[in-house]
Q: 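Structure in structure tokens, see below.
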Amino acid sequence: MIDNLIIGGGLAGLFCAFRLQQQGENFLLLEASAQSGGRIQPASENCAIDAGPTWFWPHQLKMQALTQELQVDVFEQYIDGDTLFQPAEPHAPIQKMHYQQGTSFRIKGGITLLINALQAQLLRKNLRFSSQVKALEKIDNGWQVLLNNNEKVRSRRLFLALPPRMIVKHLTPKSWLSENAITHMQQQQTWMSAQAKYIAIFETSFWREYGLSGFAISHRGPLVEIHDAVMPGQTSALFGFVGLDAQQRKDIPSEDLKAACRQQLLSIYGKQAVPTSDHLMDWSNNPYICSMADIGESPLHNHVNLQQLYQNEALPNLYFVGSEFSQSEPGYLEGALDAVDSALQLIDIS
Ligand SMILES: Cc1cc2nc3c(=O)[nH]c(=O)nc-3n(C[C@H](O)[C@H](O)[C@H](O)COP(=O)(O)OP(=O)(O)OC[C@H]3O[C@@H](n4cnc5c(N)ncnc54)[C@H](O)[C@@H]3O)c2cc1C
């Protein structure tokens with residue numbers, strides 16, 4: 001039997017491992033995918049622009065502290081200049097707007113560098129990828145999980161570093177949670193998990209030369225919100241959120257959707273907006289991130305009643321540390337760090 005088992009190798013799982021290791025605790029981390037990061041992924045192997053989360057904000061002090069601790073460089077999102085608005089009517093002209101965006105931060109080189117920096121601190125032998133947990137049960141003195149290769153792992157403590165809906169979907173909750181708790185968890189959306197992001201790479205950041213911030217709002221689509229995604233000293237880029245929901249996207253070949261996005265960029269930013277390459281990341285296709293319940297819902301932050309879960313359920317030495325369990329910043333990067341810190345405080349490891 002091992003001391004600490006972590007399920008999930010996204011930001012929460014890796015951060016939990018990092019803190020446990022710092023306290024001299026041994027651990028094993030199991031991640032279903034072939035790589036770490038969870039919702040944090042680059043657009044492609046050759047493109048560091050963020051395909052998942054991009055920003056954290058000035059009030060989010062844990063993210064600021066962690067980037068400093070790991071010596072990961074941070075810069076402010078570019079917001080200087082005008083915003084563009086594309087009305088819904090097909091031939092209506094693009095309008096300029098003065099829209100004051102707030103300050104937000106990004107990670108230089110892409111947010112995957114934060115994941116890489118965390119992983120570089122961890123002993124490789126304690127991380128197991130392509131290891132999907134397919135069942136969980138309570139045993140004497142701890143917990144037992146069953147893996148996709150039918151191997152069983154037993155642990156004294158268990159950290160569930162994944163969203164509530166993934167727990168319900170993959171971890172056979174009927175054998176260890178009450179019906180009420182399962183219903184409550186199933187109601188908690190995995191934030192942004194059903195979204196799709198389009199990323200366009202350019203030779204220059206031409207919009208900045210015309211006094212534009214890169215930020216555009218469209219009522220026409222397919223992109224509904226476009227942002228400057230330039231990686232300083234590396235890549236000129238814009239990214240946009242696709243406005244069609246996951247169900248609608250399923251009927252459109254991704255090459256057709258990308259072509260429609262390219263056409264839209266031309267109509268908003270003019271003839272210079274011809275990307276040298278582009279990428280589409282549809283998160284709803286990832287069975288370890290998105291569930292049927294997430295598809296069709298608009299992004300929203302729920303609130304897990306963690307105190308009630310711990311009080312009403314018999315869950316000895318089990319801790320919920322995925323971002324959605326944070327009581328202050330659920331769904332955010334900051335939430336992943338907060339959920340881990342809160343759990344480690346409960347067991348006096350922090
Ligand atoms: C498009 C998009 C944009 C976003 N933008 C922002 C932003 O700008 N700012 C912000 O703060 N947040 C943003 N977010 C949210 C942010 O990505 C999350 O808060 C954060 O990454 C959550 O980390 P986590 O480790 O809690 O969960 P996850 O990243 O979901 O990690 C859970 C891990 O568990 C693994 N797993 C699932 N099931 C199993 C199983 N059965 N066995 C083993 N492993 C399993 C998964 O593969 C995954 O690696 C965005 C998310 C998306 C998708």
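Sequence positions, counted from 1, serve as the residue numbers for this chain. Remember, it's 1-based here, ligands and their atoms both numbered in the order they're listed.
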Q: Say whether W283 and ligand 1 are in contact under the criterion: heavy-atom distance to a ligand atom below 4.0 Å.
A: yes
Q: Using a 4.0 Å cut-off to any heavy atom of Y332, which atoms of ligand 1 qualify?
A: 10 (C), 11 (O), 12 (N), 19 (O)
Q: Nearest heavy atom to atom 2 (C) of ligand 1 wins, so pick from M192, Q132, Q41.
A: M192
Q: Run down the list G331, C290, G37 and name the one with the heavy atom closest to atom 18 (C) of ligand 1.
A: G331
Q: Using heavy atoms and a threshold below 4.0 Å, how should the contact between I7 and ligand 1 be classified: side chain, backbone, both, or neither?
A: side chain
Q: For E151, look at atom CD and say whether over 12 heavy atoms of other residues, nucleotides or ligands are found less than 6.0 Å away.
A: yes
Q: My understanding is that we take every heavy atom of each candidate and find the minimum distance to atom 14 (N) of ligand 1. Doing that for S33, A194, P53, A34, which one comes out nearest?
A: P53
Q: Verify whether one side chain among Q100 and H98 offers a donor that lies under 3.5 Å from an acceptor in the other.
A: no
Q: Considering non-hydrogen atoms of the protein only, which is the closest contact for atom 30 (O) of ligand 1, and what is the distance?
A: R39 NE, 2.9 Å
Q: Which protein heavy atom lies closest to atom 38 (N) of ligand 1, and at what distance to 0.1 Å?
A: L162 CD1, 3.4 Å
Q: Compute both the distance and the angle, then confirm whether R208 meets the cation-pi test with Y78: under 6.0 Å from the six-membered ring centre, within 45 degrees of the axis.
A: yes
Q: Have H59 and E329 got a donor and an acceptor in their side chains that come within less than 3.5 Å?
A: yes
Q: Tell me whether the rings of H301 and Y332 are parallel (<30°), tilted (30 to 60°) or perpendicular (>60°).
A: parallel
Q: What's the shortest distance from atom 12 (N) of ligand 1 to any protein heavy atom, and which residue and atom give it?
A: W191 CZ3, 3.5 Å
Q: Looking only at distances, can you tell me whether any N or O atom of W55, backbone or side chain, sits closer than 3.5 Å to an N or O atom of ligand 1?
A: yes
Q: Between F239 and W57, is there shared hydrophobic-cluster membership here, with clusters defined by ILVMFWY side-chain heavy atoms closer than 4.5 Å?
A: yes
Q: Given side chains that start at C-beta, do those of L114 and L66 come closer than 4.5 Å, heavy atoms only?
A: yes
Q: Show the atoms of ligand 1 that are less than 4.0 angstrom away from any heavy atom in L11.
A: 25 (O)
Q: Give the atom numbers and elements of ligand 1 that come within less than 4.0 Å of a heavy atom of G322.
A: 26 (O)
Q: Does any donor atom in the side chain of T54 or K197 lie under 3.5 Å from an acceptor atom in the other side chain?
A: yes
Q: Please classify the W57 to ligand 1 contact at 4.0 Å (heavy-atom distances, strictly less than): side chain, backbone, both or neither.
A: side chain
Q: Let me know which of N150, N148, N149 forms a side-chain hydrogen bond (donor to acceptor under 3.5 Å, both in side chains) with K134.
A: N150
Q: In ligand 1, which numbered atoms sit nearer than 4.0 Å to a non-hydrogen atom of I40?
A: 21 (O)
Q: Just let me know how V321 lines up against ligand 1, side chain, backbone, both or neither, with a heavy-atom cut-off below 4.0 Å.
A: neither
Q: To check your reading of the model: name the closest protein heavy atom to atom 40 (C) of ligand 1, its residue, and the distance in Å.
A: V133 N, 3.8 Å
Q: Considering only the protein, which heavy-atom contact is closest to atom 47 (O) of ligand 1, and what is its distance?
A: E31 OE2, 2.6 Å
Q: Does the ring center of F105 lie less than 6.0 Å from the ring center of W55?
A: no
Q: Within a distance under 4.0 Å of any heavy atom of G10, pick out the atoms of ligand 1 and give their elements.
A: 25 (O), 31 (O), 33 (C), 49 (O)
Q: Please report the C-alpha distance between K108 and E76 in whole Å, then the side-chain angles of each, then the deciding distance to 0.1 Å, and finally whether the salt bridge (Lys or Arg N to Asp or Glu O under 4.0 Å) criterion is met.
A: CA-CA 10 Å; K108 206 166 176 187; E76 278 187 28; over 6 Å; no
Q: Can you figure out which of G8, A161, G38 has its heavy atom closest to atom 32 (C) of ligand 1?
A: A161
Q: Would you check if H279 and C47 make a side-chain contact, meaning some heavy-atom pair closer than 4.5 Å?
A: yes
Q: Please confirm whether S193 approaches ligand 1 to less than 4.0 Å, judged on its heavy atoms.
A: no
Q: Checking side-chain polar atoms at under 3.5 Å, does E324 have a donor or acceptor matched by the opposite partner on Q188?
A: no
Q: Answer yes or no: is there a side-chain heavy-atom contact under 4.5 Å between I182 and K174?
A: yes
Q: Which atoms of ligand 1 sit under 4.0 Å from any heavy atom of I289?
A: 30 (O)
Q: Relative to the heavy atoms of S131, which atoms of ligand 1 are at a distance of less than 4.0 Å?
A: 43 (C)
Q: For A12 and ligand 1, does the shortest N/O to N/O distance drop below 3.5 Å?
A: yes
Q: F85 versus H219: any side-chain heavy-atom pair under 4.5 Å?
A: yes
Q: Hey, which atoms in ligand 1 end up nearer than 4.0 Å to a heavy atom of Y288?
A: 37 (C), 38 (N), 46 (C), 47 (O)
Q: Nearest protein heavy-atom contact for atom 45 (C) of ligand 1: which residue, which atom, what distance?
A: A32 CB, 3.7 Å
Q: Without hydrogens or angle criteria, can the side chains of N317 and W143 be said to hold a donor-acceptor pair below 3.5 Å?
A: no
Q: Using heavy-atom distances, let me know which of S323, G52, S36, P163 sits nearest atom 26 (O) of ligand 1.
A: S323
Q: Which is closest to atom 10 (C) of ligand 1 by heavy-atom distance: L333, L114, D50?
A: L333
